Number of protein chains: 2
Amino acid sequence: MVSTESAAANELLAVRAAELYYEENKTQDEIGAILRVTRWKVGRLLAQARERGIIRIEIVHPRARRLSLERELGARFGLQDAIVVPAPADPIELQARVAEAAADYLVSVRPVPRLLGVSWGRTLHQVAEALPVGWATGVNVVQINGGVSLSKRPGTAASTAVMIAQKAGGQATLLPSPAILERLETKKAIESDRTVGGVVQMARGAAAYLFSAGVADLSSVHVDSGYLTGDDIAALVERGAVGDVIGRYITADGTIADPELDARTLGLSLEELRAARSSILVIGGESKHPVARAIVTHGLCSVIVTDEHTARALLDEGDDPTETISTTSPTSGGHHS
Amino acid sequence: MVSTESAAANELLAVRAAELYYEENKTQDEIGAILRVTRWKVGRLLAQARERGIIRIEIVHPRARRLSLERELGARFGLQDAIVVPAPADPIELQARVAEAAADYLVSVRPVPRLLGVSWGRTLHQVAEALPVGWATGVNVVQINGGVSLSKRPGTAASTAVMIAQKAGGQATLLPSPAILERLETKKAIESDRTVGGVVQMARGAAAYLFSAGVADLSSVHVDSGYLTGDDIAALVERGAVGDVIGRYITADGTIADPELDARTLGLSLEELRAARSSILVIGGESKHPVARAIVTHGLCSVIVTDEHTARALLDEGDDPTETISTTSPTSGGHHS
DNA sequence: CCGGCTCCTGCTCATCTGAGCAGTGGCGCA
DNA sequence: TGCGCCACTGCTCAGATGAGCAGGAGCCGG
């Protein structure tokens, strides 16, 4: 082992080398001449500087992604794909970034789905807006859960699906039904109506699903739309509900929180969603961490688009005690290390 | 020219390429395969990303330097050398970093000076402390201006010189005299004394000078030591004094603020300092910007060791209107651009 | 419609850089 | 003292990268 003193000297050398290499664009050979070491040593110094984190390489761009987190997420939860964007401090900005990233992802999906099943909500509406006109050609869209006819902001549910379809030069098929019915019989009746049943049937054949999730609290669109009251939400929380996926409230265990309520909820079932080849979850923000975890740990999505805080939360809390994943040491520290 | 849309697409591509290159350590060829472009395009994308600042490479280390600022300073003020360190927010920390950097520099100076002239003060004391034992061999040290016999912290002036010499296995020669005498006759008398005169004579022969500068305000060591009163300082400021160099108060024009006072000040003259082959100024912190500017713009030092804020202040305010130096575009943006 | 202009593209070639390897020297332990 | 271990060094070689260039596409003014 080298003495402590020369180890410190080595670190200083590494710093000088890094400065000359990254700030002055000198070649390793030139640096070697300046620092009076061989170019191989300079190479090792630089590798060391990158490993030890003396050099920090950051990509500052709204559309940047966190590839290492993506890989970890994918591996941990057996996802087909994961998109993680840097999280801005402002929650509104954060939502926008996640939505943009989802739009980018949708554009790049291969093979292009002939039929895309979509849910609705604030998040998905932003995704629809972020999609460029002509993002694909001939993609048809079908709603996978009931719309918000009673909404304070009418037409949101419909406009999301329509906008996505329009921008891809395709047809949108809407689900002309409330999300949750008051009586089970009504739900069964409406479901058996050919217009409604046919749409649900069509939704079952979609090549991919695009959906988000809501939190089980008063901010929910279901409360906004009058499908559920504050008391209903409280009861759901009592039963362990963490949030809703395509209108169905689930617990942290990934199970239906209230089977009776669920029976009155119209649209694709959780099992159908789970069985899908491609289901893309778009979710971001602190409040949604619990739902996100429930979805992701119970196979309800095959692709996740989220922010880095959510990603880290998913990875941290679900941590195997046996396997410590890089909190201190970077997973992909080096530059050609 | 390419359309706006594809320019944006290009930027996105650059971001993806940067992520893959810097975070995933992929080769440009592999990235080309992923993004479906040629490897040459990937190379250009990366160059573009670096130029446009999409990629930020930062060296996080206490001993890091700002080489681009160093070059600019050197060029602008015709310096032999300039050392610029990143400025921590804490002023105390900042002083420590500048002192360390000065020590590092001193260690690396070639040829090693046989005789080093030093002034004294808080900054220089820190430099002395930061020097490693054995930083050189056989370097003798001589004081270049009067010491602080009246100091509240006695021995500081002496101990600086002694410590520097000891750590290099050399002899220290002290200047056994007050910095400023009350009467001109006393100054002349003491100056003609062989012990004192001989030391000044020896100081004139030093191969290099190491000095700092003080601010013309109540925090000055001269006030602390009782050489000057608050009124004296006020009078000096009235005459345009910005601070002192080796005990001599100068104006922003680089001239002596008060010739009468200066005549009573014992030690190397400003002209002798200016004529020196190697004079190393160690200076840092907001309050010292004006003195630093006076020194540097009037050739009173050949080497400066400072913090990046001071460096930038020197470059900004002294700006030629004809020549706009990179405030927006980085001087050395690229990595092998 | 044409020539001139600029910018972009993909190429060749020279250079730069990292992986891997054998030689060396310090250091602890017998 | 002698032995083996280990880290470090400088090398060869192949793969990765950047500089510079010719060809081509889009654009404008005549």
Side-chain angles (χ1 to χ4, degrees), chain A residues 1-57 59 67-68 134 329-337, chain B residues 1-57 59 67-68 134 329-337:
Chain A
M1 182 49 123
V2 182
S3 78
T4 310
E5 192 194 324
S6 79
N10 232 315
E11 182 159 318
L12 256 183
L13 264 190
V15 173
R16 298 276 165 267
E19 289 169 339
L20 293 164
Y21 191 72
Y22 288 104
E23 297 191 357
E24 300 287 281
N25 297 330
K26 298 216 183 293
T27 137
Q28 297 188 1
D29 226 353
E30 291 176 293
I31 297 170
I34 294 169
L35 301 181
R36 297 161 189 277
V37 293
T38 59
R39 73 183 185 77
W40 295 284
K41 171 125 189 167
V42 174
R44 286 182 193 116
L45 248 19
L46 288 170
Q48 193 186 321
R50 289 185 292 252
E51 276 165 29
R52 298 226 225 147
I54 291 174
I55 292 162
R56 181 174 303 159
I57 298 177
I59 294 160
L67 300 174
S68 51
S329 65
T331 313
S332 73
H335 158 72
H336 293 187
S337 52
Chain B
M1 182 50 115
V2 182
S3 77
T4 310
E5 192 194 325
S6 80
N10 232 315
E11 181 158 317
L12 255 183
L13 265 191
V15 173
R16 297 277 165 264
E19 288 169 339
L20 293 164
Y21 191 74
Y22 287 105
E23 295 191 357
E24 300 287 282
N25 297 328
K26 299 218 182 291
T27 100
Q28 298 188 0
D29 226 352
E30 290 176 291
I31 296 170
I34 294 169
L35 302 182
R36 298 161 189 276
V37 293
T38 59
R39 69 182 187 77
W40 297 284
K41 171 121 191 171
V42 174
R44 286 182 193 117
L45 246 21
L46 288 170
Q48 193 186 320
R50 289 185 292 253
E51 276 164 28
R52 299 227 223 144
I54 290 174
I55 292 162
R56 182 175 302 160
I57 298 178
I59 295 161
L67 300 175
S68 51
S329 65
T331 314
S332 74
H335 157 72
H336 293 188
S337 52

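On a predicted model such as this, the values are computed, not experimentally measured, just so you know. Residue numbers start from 1 in every chain, and the chains themselves are labelled A, B, ... in the order their sequence lines are given, proteins ahead of strands.
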Discussion item. Nearest 0.5 angstrom please: Tyr22(B) OH to Leu67(A) CG, how far?
Written reply: 14.5 Å
Response to the item:
Whole-Å distance, Ile31(A) CD1 to dT17(C) P, equals 8 Å
Fill in: Spacing of Arg36(A) atom CZ relative to dG10(D) atom P, expressed in whole Å
15 Å
Practice prompt. Specify the separation, in whole Å, of atom CG of Leu20(B) and atom P of dT17(D).
Written response: 13 Å
Detail all sub-3.5 Å separations between protein N/O atoms and N/O atoms belonging to nucleotides 9-13 of chain C.
residue	atom	partner	partner atom	Å
dT9(C)	OP1	Lys41(B)	NZ	3.0
dG10(C)	OP2	Thr38(B)	OG1	3.1
dG10(C)	N7	Arg44(B)	NH1	3.3
dG10(C)	N7	Arg44(B)	NH2	3.2
dG10(C)	O6	Arg44(B)	NH2	2.5
dT12(C)	O4	Trp40(B)	NE1	3.2

Item to complete: Output yes when at least one side-chain N/O atom of Tyr21(B) is less than 4.0 Å from OP1 or OP2 of dA16(D), else no.
Response: no
Item to complete: Grab the OH-P distance between Tyr22(B) and dT17(D) for me, whole Å please.
Response: 10 Å
Worksheet entry | Contact summary for Tyr21(B) and Gln28(B), nearest pair of heavy atoms | CE1-CG, 3.7 Å
Practice prompt. Give a yes/no answer on whether the side chain of Gln28(B) brings an N or O atom under 4.0 Å of OP1 or OP2 in dG15(D).
Written response: no
Worksheet item: Within this structure, what is the CG-to-C1' distance between Asp29(A) and dG18(D), rounded to whole angstrom?
Response: 16 Å
Worksheet item: So, do Ile54(A) and Gln48(A) sit near enough that their side-chain heavy atoms are less than 4.5 Å apart?
Response: no
Worksheet item: Taking atom P of dC7(C) as reference, at what distance in whole Å does atom CD of Gln48(B) sit?
Response: 14 Å
Fill in: Where Val15(B) and Ile59(A) come nearest, the two heavy atoms and their spacing
CG1-CG2, 4.3 Å
Worksheet item: Which whole-number value in Å describes the distance from Arg50(A) CZ to dT17(C) P?
Response: 10 Å
Side chains of residues 29-46 of chain B: which donor-acceptor partners sit under 3.5 Å, not counting sequence neighbours?
residue	atom	partner	partner atom	Å
Glu30(B)	OE1	Thr27(B)	N	2.8
Thr38(B)	OG1	Lys41(B)	N	3.4

Response to the item:
To the nearest angstrom, the NZ-P distance between Lys26(B) and dG18(C) comes to 18 Å
